[in-house]
Amino acid sequence: MDRKMDRKEIFLLTKPLHSQRTDLCLRLLERSMNAVLYLAGDGVYNLLESSNLKFPSGVMVWACQEDLLARGIQSVEGANVPEDFYRRLVEDMASDDSYIYVF
Amino acid sequence: MDRKMDRKEIFLLTKPLHSQRTDLCLRLLERSMNAVLYLAGDGVYNLLESSNLKFPSGVMVWACQEDLLARGIQSVEGANVPEDFYRRLVEDMASDDSYIYVF
Amino acid sequence: MRSVFYLLDVAPYGSEKAYGVLNAAAVSIKMDVTLGLYADGAYLALAGQDSKSLAMPNLSDIIYAYPEVRLLAHEPSLIERGLMSQSLVERVELADEDIFMEQILAADCFIIL
Amino acid sequence: MRSVFYLLDVAPYGSEKAYGVLNAAAVSIKMDVTLGLYADGAYLALAGQDSKSLAMPNLSDIIYAYPEVRLLAHEPSLIERGLMSQSLVERVELADEDIFMEQILAADCFIIL
Amino acid sequence: MKTLTIILTDGPYISEYADMACKIASEALKISQVNIFLYLDAVHIPKAGQKPSLFADMGQQFQDLAEKGAVVRACVRCASARGYPADEAGICPDYHQGIKISSLYDLAEMLKASDKVIALSR
Amino acid sequence: MKTLTIILTDGPYISEYADMACKIASEALKISQVNIFLYLDAVHIPKAGQKPSLFADMGQQFQDLAEKGAVVRACVRCASARGYPADEAGICPDYHQGIKISSLYDLAEMLKASDKVIALSR
């Protein structure tokens, strides 16, 4: 393992729960020591309160507001819904010790 | 149930084993009393000898030769590989009492 | 053809498929037309869609605009996605596996876009 | 970037993705380049491909033409598809879940086409 | 079978479906009327000037189908969105000959008049 | 982050990815260089004359990104196959201004020169 412990791993997920990309994303997320998860597009369906998706604990989750609204997803426990989703994503990516994985 | 018993149901499958379209195709196939299955494109991967796909017994299976060759699938037990796959498909469709389902 | 069964199996908004299949169903109302929501297509049944800020058409508005289109949701797909405890578009009829599959086979033609 | 991990997760020939990702990997050989075969992408590992009658390029020929591209197949994906008992393209390295995932995370960038 | 209608939603090359539709349509034209409705990304199929290096020119193949009698129509909403204009007769200057742009209502008319319908999609 | 490269493989409208790429690129351009490589069906994105009735014109949006400094390049093999010719400078008469057609080797150069890479695909 040549990964540094202090690196930040950013996961951008745009697929819903039953997609194999979501499955791959979650399996990589579980291996991460310092992860942040961004949900955009159909990725926000993973936040349905009754969805059986479990994110690893300690993972900060951000969701895109306009994508939630369009899809009729009202309450999103355990996720942050910022006004400036894409600005945050880009700022997170901007740090030198971050890595981005897109699904 | 208003389906006639003597109707022929033609299934054209172009997706591989783990696709949800393949799964749907098989579930409908199981309900059919007189089915024929045509495999084209990536649908021919369902014929890999060691694949765990089980077609319902009594279903006639036709596979497209050029699609098998391209993908490196050599032996295809339980399926017919005609010279004129698309002509057969069209002739099957041409009969008045046939219905076609594409996946 | 006197009847057509359209099937949507991908999530709305992320792709044009849901919009496309709704438009296709809407123009088909001189036939018996059913739109089946299956797999990720079941997400189209969620109530309260508001797509203004995405600059996309509101798909549930289209559903309400064409009451002639029968809207059938595959119950196992809803359950797998945790949708049974959510508010759903009122027009949506639930169909168990058996009814859903028989409806597909009962239509004169079957179209997955 | 000094290293790139391309992932193919759809079947070859049915879509242009496999051809596209092979070409992208081939032009990337000034970096450390790995092509990971995952899910239906694992079918690309099948030996004996002959696409003449489909009028499409032979994808396994491209694999052999670029030995600089490391070709890694996700073993669980091969097993799920019954591919472990088949003849495979010799250049393909098998990787278990652990190794495959760690290789993705070890690369400077990760690209799914 | 008097009439077969084929519906496509993918553009050329990205998937095998345009090619598969050609093979089916070619066979079907020997015994019946064939309609092809190009929907969503499939409105890219009739674009003139395609020069694939390793594949067959899909635009030309669809023109050939039209010349053999297939009725090939592209959805006006999808075509217009993607930059394919049409005149009042549905003719698009960017398209191969014999393929017209028409309303989605034409799809419904095609379906009603068909004995069999095939939709090929990813 | 000095340079971000975004890779797209879907055409406009069929998926949200072109739109999502615009949003990411717009933000990223405020703090870094942005490259966008249009691959496979994404070579349809810069087509001029798009007239979507309910969506934003994606070709215009990518021209705007190019005007704000993004380097937007389309794969020559994919573009040529789909009927988009290029002159020696990579300029395509069918494309919005500022977007060029170039070799796939440009993708490799973009990757090598980038700190971060995002590929958005179905």
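Chain naming here is simple, since letters A, B, ... match the order of the sequence lines and numbering starts at 1 in each.
A/R21 has a carboxylate O that lies under 4.0 Å from a charged side-chain N of D/D9, or vice versa, which qualifies the two as a salt bridge. Looking at D/E97 and A/R27, a side-chain N of the basic residue comes within less than 4.0 Å of a carboxylate O on the acidic one, giving a salt bridge.
With D/D32 contributing its side chain and D/S3 its backbone, the two residues share no donor-acceptor pair below 3.5 Å. Under the 3.5 Å distance criterion, the side-chain polar atoms of A/Q74 are left unmatched by any main-chain donor or acceptor of A/L48.
Neither the backbone nor the side chain of D/I111 comes within less than 4.5 Å of any heavy atom of chain A.
Taking 4.5 Å as the heavy-atom cut-off, none of the residues of residues 50-68 of chain D approach chain A.
The cationic group of A/R7 lies under 6.0 Å from the six-membered ring centre of A/Y99 and within 45° of the ring axis, placing it in a cation-pi geometry.
Within 6.0 Å of CG on A/D96 lie no more than 12 heavy atoms contributed by other residues, nucleotides or ligands.
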